[in-house]
Each structure stands twice: as C-alpha cells, then as structure tokens.
Number of protein chains: 2
Amino acid sequence: MDARSVFAVRGLRCTRQRVVLYEALINMKTHPTAEELYDKVREHCPGLSLATVYNTLEVLCRAGLCRRLPTTRGSSRYDADTHPHLHAVNSETGDVVDIPDDLGQEVIQNLPQDVIKEIEARLDMSVDRISIQFIGREQARPLEKVTQEVSV
Amino acid sequence: MDARSVFAVRGLRCTRQRVVLYEALINMKTHPTAEELYDKVREHCPGLSLATVYNTLEVLCRAGLCRRLPTTRGSSRYDADTHPHLHAVNSETGDVVDIPDDLGQEVIQNLPQDVIKEIEARLDMSVDRISIQFIGREQARPLEKVTQEVSV
DNA sequence: ATTACTGCAAAGGCTTTGCACGGGT
DNA sequence: ACCCGTGCAAAGCCTTTGCAGTAAT
C-alpha cells in the first residue's frame, strides 16, 4: 500500500512533503527526531521547512500513522511502525531502535494477563497500551555479570 | 534515614531547599513536573526559585536519588522512588502514578530472562534497566471488552 | 576560609503558531 | 474554485546558564 492510498484512507491530503516524510520515516531503522528526519529528507525535497516536518508528524500521529516516543530529554522521536513492538534505548546517545520481533513477541506473550486485569481494577483505569523499553549501552558486558533492574 | 544523612552519603551539601524539595518529592504519590513541585513547596520555602528546583532535580538525578521520567510532551516528571517499580500513565492528562508493588513485582518476575539475554546478544548491548508503563485512561471499561496492545 | 548553592534574569533548545502564498482536490 | 498545507518568521514553552551574593562545610 503506497503512501497516497494510506493517506486517502485517513482522509489526509497527499502532498509531496507528506509522502517524502512518511516514506523516509517508515524506512529508517532508527527513530529519528524531527530535525534528523528533516536533514534526511532535505535533499529529496528542497525548500522543505522544519515547521512542516513538525506539522506533518503531528498530523501523522493524530491519524494513527505514527507515534511520538517518550524521551527523558532533548527532542522527541518518532516511529511510523504502529504494530506492537518493543524498543531498545541507548542511554548514552538517546538513540532508539526496535527489538527484533520474535524476541519482542516472546516478552509480550509472557505478560500475565490476570495481573494486568488486576491493575485495571485497582487503579480504576483501562489499559490501552503497555510500553516497554530496554535501556542500556552498546558493547555487551560479559553476560554472566549482567545485573538487571526493572523499573520506571 | 533523614534527608540530611541521605545527602551526606552522596556527598551533597544539605541546604534548606534541597531538603524541602527532596522530602516533598518523596511524599508525593504523583510524579510531578518541576513546576508542580515548585508550587507545592513554595509555601514552605518562600523565595525559592524555579531554577533551583530544576538544578536540584538535576543534582538528585545524578546522585541516583531521583529519576526523570520519559514523557511524550510537555514538562519532564520526576520520581524520587528509585526502587524497581512500574508506572501507570494517564494518556489524557499525562499524570503518572505507581503500580501497586505486589502487582508490579509479578509483572517483573514474569519477564523471560533468557529472552532478555538474547536481546543483549543480538543487539550487542547490555540492558541496564527495563522500563514498563501501562498507558490508559481513567474509568474502567467493562473488563471483558478490554483489548490490549503492547508496544512502543 | 573556602567552596558550592541560590536567586534572578537572560539565553537557549525544541515546538507551535500566524499569515500570505501556492498546491491539492 | 475552494480549502488546506506550506514556508517563513515570530512567539512560546521548558530548561539551562552566568553572575553576584549567601550559606554550608
């Protein structure tokens, strides 16, 4: 399904800028900031404005075609892959990449559904989404020595 | 252990502002933004500056006494509870509260360690921390109808 | 006495907005 | 032809920083 059709389904106008931005975002393995995406796309779309990048990302998010990722500092990052998957965050650089899907699914399937229901009941909330990030650094330490802390 | 001792252990100077801010942060069940904390504490500490709130939060984070929570928009939020626990995020308001500890521990203990090791191996990273948020809204829908999506 | 912290105000990132023009339907 | 999207520049949040005075060790 090409960008034009995707936009049509959501009732979005199909402009050159939107197509280029959306396709670039889908094809990037990292989840770029608005500025990184801007730099990536500039060559294919001279005259493009950073404001348009922000506006477009906002439109895509509201249409459900992309997601703004939570970060602790600096610019927001964006991900046009809306299927359930997990992220690895490099705590030194802030870079975000996907967890390979087979592994991510295993983690997801091990979540205890009964506990989640109990969380909904006790907090009187409905859980729409569970967000999971693996936070760490490049270069593995010897695996035996890894101590993990689960939090936030 | 009082704030003075906690600071002493980390080699932090014990100032009136730091004590008041740290104690207020520990005692808040929500995880406030710098400005929310500022408002909360102003009465107990007239003349306090918002810049000091930011500076203090930064110092506490670097000393491992508090954590800046990732948000998708607006101000950062801070949590002085550093023991491993999970958060519920209200997607409408941005408010963040803790998941009851017994439930959080169950979720944490169900994480498949072998899969995590495999993630480290394949991404050539060391996982320091796994961050999990339950994202949803107030007011439970009937539990039978809940469909969940795991992601980000 | 020394050094670090605070408050203020100004500067700095990141993002949004107002408006006139041009492109999409 | 109509209306929305774009580009530009300005404004706006949120956060950090420079500096002079003050407090903590």
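Naming convention: chains lettered A, B, ... in sequence-line order (proteins, then strands); numbering from 1 in each chain.
- Between A:Asp79 and A:His87, some side-chain heavy-atom pair lies under the 4.5 Å cut-off.
- Taking the side chain as every heavy atom from C-beta outward, A:Arg73 and B:Ser76 never approach each other to under 4.5 Å.
- Across the protein-nucleic acid pair, B:Leu12 atom CG and C:dT6 atom C1' stand 15 Å apart, rounded to whole Å.
- A:Arg77 has its CZ atom 16 Å from the C1' atom of C:dT15, to the nearest Å.
- Comment: B:Asp128 engages A:Arg137 in a salt bridge, judged by a side-chain N to carboxylate O separation of less than 4.0 angstrom.
- Distances shown here put a side-chain N or O of B:Ser75 below 4.0 Å from the OP1 or OP2 atom of D:dC14.
- Comparing A:Arg16 and B:Thr15, the nucleotide of DNA chain D nearest to each residue sits closer to the 5' end for A:Arg16.
- Rounded to whole Å, the distance from OH on B:Tyr38 to C1' on C:dC8 is 11 Å.
- A straight line from CD of A:Glu58 to P of C:dT16 spans 6 Å, rounded to a whole angstrom.
- Mapping A:Tyr54 and B:Pro46 onto DNA chain C by nearest heavy atom places B:Pro46 closer to the 5' end of the strand.
- Remark: A:Gln17 is in phosphate contact with D:dG7, judged by side-chain N or O atoms under 4.0 Å from OP1 or OP2.
- The nearest whole Å value for the distance from the CD atom in A:Glu36 to the P atom in C:dT15 is 11 Å.
- One can place CG of B:Asn55 at 9 Å from C1' of D:dT15, the figure rounded to the nearest angstrom.
- Distance from the side chain of A:Arg18 is smallest for D:dT6 among the nucleotides D:dT16, D:dG7, D:dT6.
- Set against C:dG7, D:dG7, C:dT25, the side chain of A:Cys14 has C:dT25 as its closest nucleotide.
- Distance B:Phe7 CZ to D:dA23 P: 19 Å, rounded to the nearest Å.
- Distances shown here put every side-chain N or O of B:Thr33 at or beyond 4.0 Å from the OP1 or OP2 atom of D:dC14.
- Within the structure, a side-chain polar atom (N or O) of B:Arg4 is placed less than 4.0 Å from OP1 or OP2 of D:dT25.
- Between B:Asp95 and B:Arg77 there is a salt bridge, since a side-chain N of the basic residue sits under 4.0 Å from a carboxylate O of the acidic one.
- Residue A:Thr52 places at least one side-chain N or O closer than 4.0 Å to OP1 or OP2 of D:dG7.
- Each of C:dT6, C:dT16, D:dT15 was ranked by its minimum atom distance to the side chain of B:Ser76; first place goes to D:dT15.
- For the pair A:Leu50 CG and D:dG7 P, the interatomic distance rounds to 11 Å; values are reported in whole Å.
- Picking from D:dA23, C:dG7, C:dT6 the nucleotide with the shortest atom distance to the side chain of B:Arg13 gives D:dA23.
- Between B:Arg73 and C:dC14, a side-chain N or O to OP1/OP2 separation shorter than 4.0 Å is absent.
- In summary, of the residues considered (B:Leu48, B:Val41, B:Leu37), a side-chain contact (heavy atoms from CB on, under 4.5 Å) with B:Val20 occurs for B:Val41 alone.
- The neighbour count for A:Arg122 CZ, taken as heavy atoms of other residues, nucleotides or ligands under 6.0 Å away, is above 12.
- Closest to the side chain of A:Ala51, from the set C:dC5, C:dC8, C:dT16, is C:dT16.
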